[in-house]
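First the proteins, then the strands, lettered A, B, ... as listed; each starts at 1.
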Number of protein chains: 2
Amino acid sequence: MNLKQLSHILDLSPTTVSRALNGYPEVSEETRLRVQAAAAKHGYRPNARAKGLATGRSMVIGHVIPSSSRHEMVNPIFGDFVAGAVKKYAEHGYDMMFTNADDTSIEDAYRSLFQRGAVDGVVLQGPKVNEPRIEVLNRMQVPFIVHGRSTGVSVPYDWIDVNNKSSFLRATRFLIDLGHRRIALINGLEDMDFAQRRRDGYLEALKQAGVSPDPALMRSAEMTEVYGHHETRDMLRLDDPPTAILTSSMISAIGVRRALDEAGLKMGRDVSVIAHDDDLSYLKNGQDVPIFTATRSSVRHAGELAAEMLIERIRAPHDPVKTRLLEAELVVGGSTGPAPNRF
Amino acid sequence: MNLKQLSHILDLSPTTVSRALNGYPEVSEETRLRVQAAAAKHGYRPNARAKGLATGRSMVIGHVIPSSSRHEMVNPIFGDFVAGAVKKYAEHGYDMMFTNADDTSIEDAYRSLFQRGAVDGVVLQGPKVNEPRIEVLNRMQVPFIVHGRSTGVSVPYDWIDVNNKSSFLRATRFLIDLGHRRIALINGLEDMDFAQRRRDGYLEALKQAGVSPDPALMRSAEMTEVYGHHETRDMLRLDDPPTAILTSSMISAIGVRRALDEAGLKMGRDVSVIAHDDDLSYLKNGQDVPIFTATRSSVRHAGELAAEMLIERIRAPHDPVKTRLLEAELVVGGSTGPAPNRF
DNA sequence: CTCGGTTTTCAAAGCGCTTTGGATGCCGGC
DNA sequence: GCCGGCATCCAAAGCGCTTTGAAAACCGAG
């Protein structure tokens with residue numbers, strides 16, 4: 001069933017039917033109702049491709065999944081962010097499209113997505129330091145939003161981010177206040193912008209307290225469970241092991257916990273742990289009492305906000321740049337306690 | 001840059017340029033090269049909407065995300081499945097599209113996706129028992145594949161699934177062979193087809209061993225960490241607590257482990273645990289030695305296979321129905337051991 | 001040279017929608 | 001009785017591509 005057929009049934013012109021369905025004023029209320037009834041009855045759905053071709057808009061927003069962020073992995077954070085975004089997209093009549101691209105052609109992927117006219121805007125996830133994609137998108141004039149920021153990029157761009165530096169500064173200070181001095185940081189991949197900011201916060205807190213950082217206590221890699229376990233086990237074998245561990249994700253915090261268990265150490269008593277908690281639906285930080293002391297910020301909520309900001313940008317391409325900085329909340333759970341007395 | 005402009009630059013007709021780029025034989029090799037060079041030079045990308053309108057194909061495959069599978073949650077399994085699928089889509093020139101739908105309008109969402117011409121086929125994830133969407137899709141004549149199966153659906157359909165029943169039968173038998181009799185099952189949502197099949201396998205193994213099932217040991221809900229923790233803690237308070245626990249996901253297994261730790265019980269010695277492991281990228285079941293004894297089947301691999309099967313179906317809509325049953329592997333880790341002597 | 005058969009190219013129609021620029025009919029005011 | 005203004009409706013063009021049917025160019029055989 002297409003427009004032509006429907007208009008023929010109604011004995012109206014395609015013009016009128018189109019206008020009736022799209023809410024234009026130059027059609028009488030009576031015919032509008034008649035048209036809507038017929039459309040519903042025959043299950044008419046305007047062809048998205050034809051509509052897109054005629055309007056120049058696709059009502060689709062694109063995301064690019066790097067086929068391998070190192071080891072062909074998919075971050076579970078991704079799922080919650082996307083769930084938040086897609087919900088808002090739906091509210092505004094947008095669909096969401098994914099393209100896959102290997103790391104080398106990731107810029108190409110964005111370019112093709114937009115220049116083919118497949119999408120009206122794109123979301124850039126997981127920016128690195130000096131992220132080259134930002135300038136590419138900027139030059140292409142495609143509406144986009146960055147989830148995160150990128151140190152070193154000079155062009156202006158819309159972004160939404162959590163205050164990584166201040167939240168890790170605060171978490172580190174919290175541990176210092178508890179008397180900890182040997183504080184480890186199990187961070188994300190080094191070239192990720194968020195990882196650097198978190199490290200900056202961590203280092204600044206140490207500096208303010210006059211504690212000199214120990215490279216042996218600073219680790220970075222993709223934040224899996226196995227990674228959290230491995231690094232923790234490794235650091236516990238040091239002559240002067242950490243009494244507290246700061247980790248960039250709940251998933252690796254679970255690995256940290258496992259390593260502590262294996263070593264017969266009690267979390268919160270022998271070793272304190274603070275995690276960054278993205279408030280994932282399937283991995284809540286406990287029910288009423290938090291399992292981990294954590295810096296918490298819902299990535300799902302970030303997804304919703306990102307979607308809204310992008311849709312605004314699509315509507316008003318020449319508005320001034322918009323940015324949004326979310327503050328993470330510090331929730332105190334049972335995984336932290338005073339530094340153990342080592343004498 | 002569009003076809004018309006490009007053809008004008010080349011002093012050729014749009015017809016010829018189109019044919020040159022799409023590999024038709026009725027164009028001389030010389031002009032083909034000339035066209036390809038010019039296209040590359042000017043960064044020409046055929047407009048996807050126009051192409052789709054002309055060809056009747058959109059080269060997009062649709063997935064529907066229920067906006068709330070109960071509590072607005074997003075399963076991390078989703079991420080890995082999608083990553084597998086999108087990779088194969090890309091290899092065949094397809095993009096992936098997501099639409100969001102609340103539980104009531106989920107059929108509508110599929111219908112609209114396809115009838116609008118937005119996608120060439122769809123993937124149905126997380127089928128329930130007597131899944132109504134299958135018949136809807138079947139009636140609509142849309143190419144689709146089901147990840148999982150649906151007991152009670154009579155129409156034929158393509159599916160790919162893991163052998164849930166036999167793998168849980170095997171896991172349960174493994175526990176029985178270790179001397180366990182009080183075996184708990186922490187399962188997924190009751191109306192999900194996979195959950196029923198797993199329960200069937202579990203029950204059959206008990207029956208074969210002459211153990212009568214205890215309803216107090218059978219739990220079902222959405223498989224979060226908190227859920228695994230909650231149910232385990234609850235069951236440990238029973239007069240006759242379980243000596244072994246079977247759980248439907250690694251995530252809830254982590255919760256199980258946490259509850260055991262809190263109760264001062266050692267996993268594998270005091271209580272045995274077997275999990276179903278979807279081999280998630282970010283939540284590997286240990287490195288060399290598995291953390292949990294588990295029934296393992298890569299959901300990412302399932303995503304790849306599903307994508308291939310769907311693309312075949314799109315190409316040959318009238319081929320006989322294709323199905324694929326994957327066998328889960330039983331990997332033995334440190335989480336299981338002989339039933340403790342309770343005398 | 002001519003002619004049938006290839007090879008190569010092209011003009012035009014069509015995909016299903018929106019939108020511009022009328023056309024039509026109806027109203028009250030002069 | 002005529003006319004401007006308003007409310008409705010419509011024909012046709014156009015979005016950027018593919019594809020059909022036909023024309024042009026070229027070829028070697030006769």
> Of all the nucleotides listed (C:dT9, C:dC17, D:dG16), which has the minimum atom distance to the side chain of A:A50?
C:dC17
> OP1 or OP2 of C:dG16 versus the side-chain N and O atoms of A:N47: is any pair under 4.0 Å?
no
> What's the closest nucleotide to the B:K51 side chain, out of D:dC17, D:dC10, D:dG14?
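Looking only at side-chain atoms, B:K51 lies closest to D:dC17.
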> Starting from C1' on C:dT7, measure out to CZ on B:R32 and report it in whole angstrom.
13 Å
> Between A:Y44 and C:dC17, is there a contact of a side-chain N or O with OP1 or OP2 at under 4.0 Å?
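Yes, A:Y44 has a side-chain N/O under 4.0 Å of OP1/OP2 on C:dC17.
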> Should we count CZ of B:R116 as having more than 12 external heavy atoms under 6.0 Å?
yes
> For A:L10 and D:dC9, give me the distance from atom CG to atom P, rounded to whole Å.
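Whole-Å distance recorded here is 11 Å.
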> What is the distance from CZ of B:R57 to P of C:dG16, rounded to the nearest Å?
14 Å
> Between D:dC15 atom P and B:Q5 atom CD, what is the distance in whole Å?
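Going from B:Q5 (CD) to D:dC15 (P), I get 11 Å.
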> Counting heavy atoms from C-beta on, name the nucleotide in C:dG14, C:dT8, C:dG16 closest to the side chain of B:A54.
C:dG14
> Rounded off to whole Å, could you give me the OH-to-P distance for the B:Y24 and C:dT8 pair?
17 Å
> A:T15 near the nucleic acid: base, sugar-phosphate alone, or nothing, with a heavy-atom cut-off under 4.0 Å?
base
> Side chain of B:R19 only, heavy atoms from C-beta on: which candidate in D:dC17, C:dG16, D:dT19 is closest?
D:dT19
> Does C:dT19 have its OP1 or OP2 closer than 4.0 Å to a side-chain nitrogen or oxygen of A:S18?
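Result: no.
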> Please figure out whether A:T16 or B:L3 has its closest DNA chain D nucleotide nearer the 5' end.
A:T16
> Do A:S281 and A:D80 pair up side chain to side chain, a donor and an acceptor below 3.5 Å, judged on atom types alone?
yes
> Just the rounded figure in Å: distance from P of D:dC17 to CZ of B:R49.
11 Å
> Tell me: CE of B:M59 to C1' of D:dC17, nearest whole Å?
15 Å
> How long is the line joining CG of B:N2 and P of D:dC15, in whole Å?
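That distance rounds to 9 Å.
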> Please tell me whether B:T16 and B:S13 have a donor and an acceptor in their side chains that are separated by less than 3.5 angstrom.
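There is such a pair (donor and acceptor under 3.5 Å, judged by atom type) between the side chains of B:T16 and B:S13.
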> In terms of side-chain heavy atoms, does B:S58 have a donor or acceptor partner in B:D120 at a distance below 3.5 Å?
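Note: B:S58 and B:D120 side chains meet the donor-acceptor criterion.
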> Over all heavy atoms of both residues, which pair between B:E135 and B:S154 is shortest? Give the atoms and the distance, please.
OE2-OG, 4.3 Å
